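To start, the structure itself, in structure tokens.
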Amino acid sequence: MIKRVYKSSEKEYIIKLCDTSFPNGICKRDNYKEIFDKIDKYAEFYVASSEGDVCGYAAMYNNDMDAKTAYITMICVRDIYQGRHIGSELMAACIDSAEKTGMKAVRLEVAKANLKAAAFYEKAGFVNEENLPGDRIFMVLKLNGKGT
């Protein structure tokens, strides 16, 4: 089940619970408070759960009304729940929200070395948009055949 989360304390609990699923967890970063505050204030935050247990989450921004581009900042499925299409359900919730908000595209950033995540995004329809200096790639999914 996917639902939107509004309470700060619930968001923080979910992020901390899922953090070990990231190669470099965000909770361990020096700027974690800044990252969390931005997500808490501006992002749409979705949680996937099964029988009361947190399976994963997604955080996205639907606020670039000039470019009409949404941005998925994080999508995470706990290791024990991977392979059950939970990431696809979270992605579908993000794409649905972007479409309802009138966005023309969804962008995200992924580490070049994170081949598993890049393959997941490609399967969802994202294509490489821009190779960034260092170890990052921007990917984009155009919505409803519209361009950015």
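In this text the structure is predicted, and so the values were computed from the model without any measurement.
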Review point. Out of curiosity, does Ile72 fall in the hydrophobic cluster containing Leu115 (side-chain heavy atoms, cut-off under 4.5 Å, transitive links)?
Key: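 No, no single cluster joins them.
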Check your understanding: Linking I/L/V/M/F/W/Y whenever any side-chain heavy atoms sit under 4.5 Å apart, do Met1 and Ile14 land together?
Key ->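 No, no single cluster joins them.
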Just verifying a value: how many Å separate [X] [atom1] and [Y] [atom2], rounded to the nearest 0.5 Å?
X	Y	atom1	atom2	result
Ile95	Leu141	CD1	CG	5.0 Å
Ser97	Tyr46	OG	OH	3.5 Å
Asn31	Arg29	CG	CZ	7.0 Å
Cys76	Leu90	SG	CG	9.0 Å
Ser49	Ile86	OG	CD1	9.0 Å
Tyr121	Ile137	OH	CD1	11.5 Å

When you check the gap from the basic side-chain N to the acidic O, do [X] and [Y] get nearer than 4.0 Å?
X	Y	result
Lys3	Glu10	yes
Lys33	Asp37	yes
Asp40	Lys11	yes

Review point. With sequence neighbours excluded, what pairs up with Leu17 under the side chain to side chain contact (heavy atoms under 4.5 Å, CB included) test?
Key: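 Counting only residues at least two positions away or on another chain, Leu17 forms a side chain to side chain contact (heavy atoms under 4.5 Å, CB included) with Tyr13, Val54, Arg78.
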Point to revise | Within 6.0 angstrom of Lys28 NZ, more than 12 heavy atoms from elsewhere | key: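 Count over threshold, so yes.
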Review point. Does the side chain to side chain contact (heavy atoms under 4.5 Å, CB included) test come out yes or no for Lys104 and Thr69, once each step is laid out?
Key: CA-CA 6 Å; Lys104 294 180 180 180; Thr69 301; 5.9 Å; no
Point to revise | Short side-chain to backbone donor-acceptor contact, Gln82 and Val77, under 3.5 Å | key: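 Yes: the side chain of Gln82 pairs with the backbone of Val77.
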Practice item. Would you confirm whether Ser21, through its side chain, and Asp19, through its main-chain N or O, come within 3.5 Å as a donor-acceptor pair? Key: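 Such a contact is absent between Ser21 side chain and Asp19 backbone.
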Looking at side-chain heavy atoms only, is the closest gap between [X] and [Y] below 4.5 Å?
X	Y	answer
Thr73	Met60	no
Val127	Lys142	no
Phe126	Phe138	no
Glu12	Tyr32	yes
Ile35	Met74	yes
Met139	Val110	yes

Practice item. Please test Tyr61 against Glu44 for side chain to side chain donor-acceptor pair (under 3.5 Å), starting from the C-alpha separation and ending with a verdict. Key: CA-CA 6 Å; Tyr61 301 102; Glu44 292 183 18; over 6 Å; no
Check your understanding: Should Leu143 and Val106 be marked as a side chain to side chain contact (heavy atoms under 4.5 Å, CB included) after you check the CA-CA gap, both sets of side-chain angles, and the distance that decides it?
Key -> CA-CA 8 Å; Leu143 301 175; Val106 179; 4.0 Å; yes
**Study point:** Test log, rule side chain to side chain contact (heavy atoms under 4.5 Å, CB included), inputs Arg107 and Glu129
**Key:** CA-CA 9 Å; Arg107 292 180 82 207; Glu129 179 183 43; 2.6 Å; yes
Closest approach of [X] to [Y] (non-hydrogen atoms, all atoms of both residues):
X	Y	value
Ala70	Ala98	CB-CB, 3.8 Å
Met65	Thr101	CE-O, 3.8 Å
Ala93	Ile2	CB-CG2, 3.9 Å
Cys27	Ile15	SG-CG2, 3.9 Å

Review point. Can you tell me if Tyr71 and Asn63 form a side-chain donor-acceptor pair at under 3.5 Å?
Key: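 The answer is no; no qualifying pair exists.
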Practice item. Could you pull out all residues at least two apart from Tyr57 that satisfy ring pair (Phe, Tyr, Trp, His ring centres under 6.0 Å)? Key: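 For Tyr57, the residues satisfying ring pair (Phe, Tyr, Trp, His ring centres under 6.0 Å) (neighbours in sequence not counted) are Phe45.
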Point to revise | Working for salt bridge (charged side-chain N to carboxylate O under 4.0 Å, His left out), residues Lys68 and Asp64 | key: CA-CA 6 Å; Lys68 298 278 189 205; Asp64 186 347; over 6 Å; no
